[in-house]
Amino acid sequence: PRCCIQCAVSATDCVRRTEPMRNPVWRTAAFRLALWQAALFALLGAALFGIVWLRINDSAQDELRGKVATEMASLRQADADGTLVVQLRQRLAVLPAGPDYYLLTDAQQRVMAGNLRYRPVAVGWHVLPLRGAIGKDSSDAGQVHLYVAHFPDGRWLVVGRDNRSVVELGEVLGDSFIDVGGLAIVLMLLGGGWASWRYLRRIDAVGVRAERVLE
């Protein structure tokens, strides 16, 4: 029968024939190791993405506020020159829906120029939901960073910028990490599968040779 062969030496038991390995590739130690490595890589990649995103987000926020502060200084100089309202209207004519926002009110907070619904109550920095600051919003931004100044004659000047650039940067980084991480995980699994296949081939070869020796 196929299952065994009779030994040539008398008074000994028969020897069972060896069969080629039939275990699936994914049940081998090599493939399981590759699977664990892929899971560990995904975990480390997620942690790395979180750290990188926090650093880049802080830098982007600082850059955003720097632009707002520069714009406020420019408009203060325009006010000293008597061209504040003209310059505000020129800026709003170019980009009426952001990402930059302005508001100039008189002492009674009547709007003189601007595209903000927000009404200032204190000087300094304020972070508000963008929808509440401008009304209807269809951009990717979620917040607007505002800097409020109060002139001696009672007027209020507000300069702001939304965070759409920060949101878009986060989306680009996220997509890049997903693409690179996904490719790396697939390559790890393919490598583990290939190593397992090579391992099984070698086991089969050893089994065939052992069978020939027994024969």
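Below, all heavy atoms of this structure are taken into account, side chains as well, without hydrogens, waters or symmetry copies.
By the 4.5 Å heavy-atom criterion applied to side chains, Q61 and H145 are counted as neighbours. Q143 places none of its side-chain heavy atoms less than 4.5 Å from the side chain of D162. Two residues are said to be in side-chain contact when any heavy atoms from C-beta on lie closer than 4.5 Å; L157 and D79 fail this criterion. Taking the side chain as every heavy atom from C-beta outward, R119 and L103 approach each other to under 4.5 Å. Side-chain contact check for W125 versus L146: every heavy-atom pair is 4.5 Å or farther apart. Using a 4.5 Å heavy-atom threshold, the side chains of R65 and Y147 count as separate. Taking the side chain as every heavy atom from C-beta outward, Q87 and D81 never approach each other to under 4.5 Å. With a 4.5 Å cut-off on side-chain heavy atoms, H150 and P120 do not count as touching.
Salt bridge annotation for D100-K67: absent, with no cationic side-chain nitrogen under 4.0 angstrom from a carboxylate oxygen.
Side chain of S59 to main chain of R55: no donor-acceptor pair is present (N/O by atom type, distance under 3.5 Å, no hydrogens or angles).
Partner of V158 under the side chain to side chain contact (heavy atoms under 4.5 Å, CB included) criterion, chosen from V144, V68, L116, V123: L116.
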- List the steps, then state whether side-chain contact (heavy atoms from CB on, under 4.5 Å) holds for R155 with L84. CA-CA 12 Å; R155 291 175 301 155; L84 177 58; 4.1 Å; yes
- Query: Passes side-chain contact (heavy atoms from CB on, under 4.5 Å), W156 versus V148? Steps please.
  - Reply: CA-CA 7 Å; W156 294 87; V148 179; 3.5 Å; yes
- After noting the C-alpha distance and the side-chain angles of E71 and R161, does the key distance pass the salt bridge (Lys or Arg N to Asp or Glu O under 4.0 Å) rule? CA-CA 10 Å; E71 185 72 357; R161 188 177 181 91; over 6 Å; no
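Both M72 and V85 are assigned to one and the same hydrophobic cluster, defined by single-linkage of ILVMFWY side chains at heavy-atom distances under 4.5 Å. Transitive grouping of hydrophobic side chains (ILVMFWY, heavy atoms separated by less than 4.5 Å) brings L75 and F151 into a common cluster. Linking ILVMFWY residues whenever their side-chain heavy atoms come closer than 4.5 Å, directly or via other members, places L48 and I56 in the same cluster.
By the salt bridge (Lys or Arg N to Asp or Glu O under 4.0 Å) test, R110 pairs with D106, sequence neighbours left out. Y102 pairs by the ring-ring contact (aromatic ring centres under 6.0 Å, His included) definition with nothing, not counting sequence neighbours.
The distance from atom CG of N115 to atom CG of L92, rounded to the nearest 0.5 Å, is 5.0 Å.
For V111 against T105, the heavy-atom pair with the smallest separation is CA-CG2, 4.3 Å.
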